[in-house]
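Comments concern the structure below.
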Number of protein chains: 2
Amino acid sequence: MARSHAGIAVAPGKRPRGSLSREEILEAGLLIAKRDELTRLTMKKLAGELGVTPMAIYRHFENKAEVIDGVLDLFVRDAAVADHEVGKEPDAWRRWTLVTFGKMFDALTQTPGVMPFLSTTSRFGPAAMSALNAVLEVLRRAGMSEKQAVDTFAVLCAYTIGAAGLATAWSRADGAGDPDEERRRMRLSIEATPRSDFPNVVDAAADLAGVLQRFPFQMGLERLLRRELPD
Amino acid sequence: MARSHAGIAVAPGKRPRGSLSREEILEAGLLIAKRDELTRLTMKKLAGELGVTPMAIYRHFENKAEVIDGVLDLFVRDAAVADHEVGKEPDAWRRWTLVTFGKMFDALTQTPGVMPFLSTTSRFGPAAMSALNAVLEVLRRAGMSEKQAVDTFAVLCAYTIGAAGLATAWSRADGAGDPDEERRRMRLSIEATPRSDFPNVVDAAADLAGVLQRFPFQMGLERLLRRELPD
DNA sequence: ACCTGAACACCGTTCAAGT
DNA sequence: ACCTGAACACCGTTCAAGT
């Protein structure tokens, strides 16, 4: 359980002085988020991961909220959503934007525990700032005004976060793991409700189950980017 | 603090037997969510609101998660998002959908504490089912296939939830209450970051602050519904 | 300066007991 | 059957003490 900053196993309480850094605490936090769930991140669990007493963390962070904010920004940096080139074709900005928010969606669905905190964190960390800056750059170069670019960013961001939230919430509904089993159970559970109450829901059971298994993320994203610019 | 089911004040512990019902517990929960924040709903606080011991609630609900699920469904019913008529004009379905998800956005932004739970709750409650049924009905009558209707619902839902999340998260950033003060502070805080690092962000400071104050919800919603159907 | 250990107030929840 | 009161394990956090 205990890991030193150099990766050598250490007995608990035997940590060299001054070896605990903000960076390392946040990395341990992200590790817990990826392996377990950010929702289940505890000061004691985080301290255990670092081979340290919980109170040691308070020397580097004001409180847990500050730790979470830091982990979230590290998560954004780690996802590297804007870390790819803009192509040469006339429509390149659209493709780039699709890929960027696609990466964001993938990162969010693969690290489910972060969702509940996205509506809680208020400050933009440096990594979030950097990603925002890159997106604005591309949209402006595509010919958008400042306001158009900002609005488009906000709308795409909202859609991506909401889609990731629904995708993770629905996929975790039942059927521990296996996607086919998940879909089958969801379909049965919908078809079990009385058709006289919600006829349209029951009729669409198969399609609803399909959406629960694989959220139509790409479809909505393309709709949001369709016909945006004259060229 | 203590309120009877008939609205008459009662001394704590003096509640008539069998007067505590699931419905009343959920209503007290929604009251706390509206007045305070659902995130801060505690079994003890909820019990206090009802003039009862925390353990009394466990006679009616398995655990806190079940209470939250119930409050969320009551919240959906209370918002009555689908509770309005479809017009007669050829494009009526589009207007109806805009209003429906607009109501959802308003309800979510006016009851901020619910956001973190939307990615946690897995089951559709009866009120959610009913709203889903109504939306599918309108979209199908407009000529969509079952799959088209379901996908459209999923995409609109994701966007609305994400937008409400961002709107509440960002508006709570600073400036306790006053929207103008909020925008001013946000703008200053953005302009304070070094322009050499994030030039596009700094240049768009005024527009970003505007988005934080009022999220361009309508814009994205209209984009998602544009050119959906041939007619 | 940096970390530990004991303690506090609060949380969800169990359990045995009251009526 | 329905509710109470005491207790348990866990949480974030404070504080005084160690080196």
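All chains are named by letter (A, B, ...) in the order of the sequence lines, taking the proteins before the strands, and each is independently numbered beginning at 1.
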Tell me: CG of Leu50(B) to C1' of dT4(D), nearest whole Å? 15 Å
Those residues at least two apart in sequence (or on a different chain) that pass ring pair (Phe, Tyr, Trp, His ring centres under 6.0 Å) with His84(B) are Trp96(B)
Would Arg184(B) and Glu191(B) pass as an ion pair if we require N to O under 4.0 Å? no
Interatomic distance, Glu24(A) CD vs dC3(C) C1' [rounded to whole Å]: 14 Å
Passing option when Ile32(B) is tested against Glu37(B), Glu27(B), Glu49(B), Arg40(B) for side chain to side chain contact (heavy atoms under 4.5 Å, CB included): Glu49(B)
Partner residues of Asp78(B) under the side-chain contact (heavy atoms from CB on, under 4.5 Å) criterion, sequence neighbours left out: Leu30(B), Lys34(B)
Expected string for nucleotides 7-13 of chain C under the B/S/- scheme (protein heavy atoms, under 4.0 Å, primed atoms plus P, OP1, OP2 as sugar-phosphate) is ----BBB
The ring pair (Phe, Tyr, Trp, His ring centres under 6.0 Å) partners of Phe117(A) (sequence neighbours excluded) come to none
Under the side chain to side chain contact (heavy atoms under 4.5 Å, CB included) criterion, do Val71(B) and Leu38(B) qualify, and how do the steps go? CA-CA 9 Å; Val71(B) 173; Leu38(B) 188 56; 4.0 Å; yes
Using a 3.5 Å cut-off on both pairing distances, which stems of three or more Watson-Crick or G-U pairs include DNA chain D? C:4-8 with D:12-16, C:12-16 with D:4-8
Can Phe217(B) and Tyr159(B) be said to form a ring-ring contact (aromatic ring centres under 6.0 Å, His included), step by step? CA-CA 9 Å; Phe217(B) 176 68; Tyr159(B) 172 66; 5.4 Å; yes
Just to verify, what does Arg195(A) make a side-chain contact (heavy atoms from CB on, under 4.5 Å) with, not counting sequence neighbours? Pro199(A), Val202(A), Asp203(A)
